[in-house]
Amino acid sequence: MTYQCYEDIIGQASAWKASIQTVDEQASEIADFFAEPIDELVFTACGSPYYLGLSAARLWAEEVGSRATAAPASEIMLFPEAVLPAGGSPVLVGISRSGESTETVKAAKAFAKKFPARTVLFGCREDSTLDRLADLSIVIPEAHDDVVPQTKSFSSMYLAAQYAAALVAGDDDLAAALRELPEELPSLLSQYEPILKRIGEADWETAVFLGGGPLYGVAAEAALKLTEMSLTHAVSYHTLEVRHGPRSVIDDKTLVVSLGSRRGEPHEQHVITDLLEGSTPHILALTPDNGWKLDGVGHEIPVGGRLPDHAVGLQYLPLLQLLAYYRAMHKGLDPDTSRNLSHHVQLPGVEGGT
Ligand code: F1P
């Protein structure tokens with residue numbers, strides 16, 4: 001038996017094509033919206049898409065040159081004065097598969113009251129509350145996944161956010177690299193699926209995901225995906241942070257997954273060799289381009305291509321989703337429904353909730 005989330009993961013290239021097509025179709029609307037002066041971008045969402053916002057904020061700051069931050073929507077909902085800009089010309093970027101999560105709806109309403117006509121949505125459902133609230137909506141219905149864990153929806157919204165940033169910034173190299181990704185994905189998945197299955201079935205109990213810069217948000221999402229799908233305790237850290245405390249609990253029952261970046265390579269490699277010296281047996285090193293040729297690492301997966309660090313995060317994502325899936329299979333769990341979770345959260349009794 002396979003689960004819906006497996007089909008979503010393996011078949012997500014078609015949703016990626018829809019992402020590229022949706023942004024291309026709205027290119028002039030996007031260009032007009034971002035032609036206005038913007039002094040800060042605030043990304044906001046709940047759970048998985050919040051982590052997407054962490055990565056997307058790094059990209060937009062680099063590409064567009066504006067200050068860019070990410071905050072959980074509940075922080076804006078509960079503490080707007082502490083999170084929202086006091087003034088200026090900010091833009092709020094909401095990210096929501098359903099377009100109905102109460103905290104994100106409330107955050108968008110709080111922002112729009114202060115800064116009208118400056119709200120963007122990346123989503124997967126048309127005519128949702130957030131779709132109606134947003135002044136610029138980039139919605140990819142083909143990317144919507146019906147199960148609890150976000151897989152193709154997450155990666156497709158992330159691809160759309162990256163591609164929109166590349167078009168706004170006129171970064172033709174990044175835009176071209178992103179347009180190639182859907183074609184390249186199926187072979188990447190088929191080449192490395194057996195390794196990810198083997199790692200998912202190995203003798204570890206908890207997991208630590210390490211990523212820097214734009215890859216930290218992807219590392220945080222990978223930890224949450226493993227938790228949601230396989231009920232496994234998993235955490236994420238900025239890669240070099242691991243020496244500043246977390247290393248104390250990494251042992252022979254810990255899977256360490258390093259999301260390597262091109263810019264961080266020498267330092268990130270050193271973290272891995274340090275862990276090896278501390279006899280950490282379960283290490284998966286995801287590496288850009290043709291890899292780092294790491295000796296002694298349990299598994300290294302070079303994703304190939306000469307992509308910018310941001311786009312490398314999209315190459316890593318489906319592999320990390322497969323790892324979570326195979327861990328759930330190994331533990332005999334249903335990854336589609338997880339436990340005590342729902343497709344999205346609507347807070348009872350909260351205006352804009354249920
Ligand atoms: C967000 C959410 C996530 C959770 C899971 C299901 O909903 O509830 O918080 O981690 O991925 O989706 P949405 O606002 O994206 O619809």
Side-chain angles (χ1 to χ4, degrees), residues 3-5 8-9 12 15 19 42-56 70-77 92-111 119-134 137-161 209 217-236 317-318 320-321 324-325 328 333-348 350 352-354:
Y3 290 91
Q4 182 56 48
C5 68
D8 291 341
I9 294 166
Q12 63 189 292
S19 271
V42 179
F43 289 79
T44 195
C46 304
S48 283
Y50 161 59
Y51 299 133
L52 191 167
L54 283 174
S55 288
S74 55
E75 286 290 289
I76 297 178
M77 174 177 133
L92 183 84
V93 183
I95 310 159
S96 178
R97 170 179 64 177
S98 67
E100 301 297 348
S101 292
T102 301
E103 301 97 313
T104 313
V105 169
K106 294 284 284 178
K109 287 181 174 177
F111 180 86
T119 297
V120 179
L121 169 73
F122 286 95
C124 298
R125 265 195 189 151
E126 290 167 328
D127 201 29
S128 69
T129 302
L130 281 165
D131 184 20
R132 293 193 298 275
L133 275 172
S137 247
I138 299 169
V139 175
I140 310 114
E142 298 88 332
H144 185 270
D145 25 39
D146 298 319
V147 295
V148 168
Q150 296 190 12
T151 52
K152 67 174 179 177
S153 56
F154 181 98
S155 58
S156 301
M157 291 190 288
Y158 188 27
L159 174 55
F209 292 84
V218 180
E221 163 59 7
L224 184 63
K225 205 57 25 177
L226 182 68
T227 296
E228 288 179 339
M229 283 191 181
S230 70
L231 308 185
T232 302
H233 289 282
V235 291
S236 59
L317 260 171
L320 296 163
Q321 293 165 355
Y325 171 78
L333 296 169
D334 172 354
D336 285 347
T337 55
S338 189
R339 183 172 66 185
N340 302 329
L341 298 181
S342 54
H343 177 274
H344 59 279
V345 173
Q346 289 192 290
L347 303 179
V350 177
T354 50

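Every number for a ligand or one of its atoms is a count from 1 in the order of the listing. Source: prediction; values computed, not measured.
- Given atom 7 (O) of ligand 1, the protein heavy atom at minimum distance is S101 OG, 3.3 Å.
- Protein heavy atom at the shortest distance from atom 11 (O) of ligand 1 is Q150 CG, 3.4 Å.
- Listed by number with element, the atoms of ligand 1 under 4.0 Å from a non-hydrogen atom of L224 are 10 (O).
- Of all the heavy atoms in S230 and L333, the pair that sits closest is O-CD1, 3.4 Å.
- Not one N or O of T104 is nearer than 3.5 Å to an N or O of ligand 1, by distance alone.
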Could you walk me through whether S128 and E100 pass side chain to side chain donor-acceptor pair (under 3.5 Å), step by step?
CA-CA 6 Å; S128 69; E100 301 297 348; 4.6 Å; no
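- If you check which protein heavy atom lies closest to atom 16 (O) of ligand 1, you get S98 OG, 2.6 Å.
- When non-hydrogen atoms are compared, ligand 1 lies under 4.0 Å from neither the backbone nor the side chain of L341.
- Defined by atom type and a distance below 3.5 Å, a donor-acceptor pair is missing between the side-chain atoms of Q150 and S48.
- For E228, every heavy-atom contact with ligand 1 shorter than 4.0 Å involves the side chain, none the backbone.
- Among the atoms of S342, none of the N or O lies under 3.5 angstrom from an N or O of ligand 1.
- Here the closest heavy-atom approach between residue A220 and residue S236 is recorded as CA-OG, 3.4 Å.
- Those atoms of ligand 1 that come under 4.0 Å of a heavy atom in R97, given as number and element, are 6 (C), 12 (O), 13 (P), 15 (O), 16 (O).
- Residue contact check for ligand 1: V148 places a non-hydrogen atom closer than 4.0 Å to it.
- Of all atoms in ligand 1, numbered sequentially from 1 with element shown, those under 4.0 Å from a heavy atom of H344 are 7 (O), 8 (O), 16 (O).
- With rounding to the nearest 0.5 Å, the separation of OG1 in T102 from NZ in K109 is 9.5 Å.
- At least one heavy atom of H343 sits less than 4.0 Å from an atom of ligand 1.
- Those atoms of ligand 1 that come under 4.0 Å of a heavy atom in P49, given as number and element, are 15 (O).
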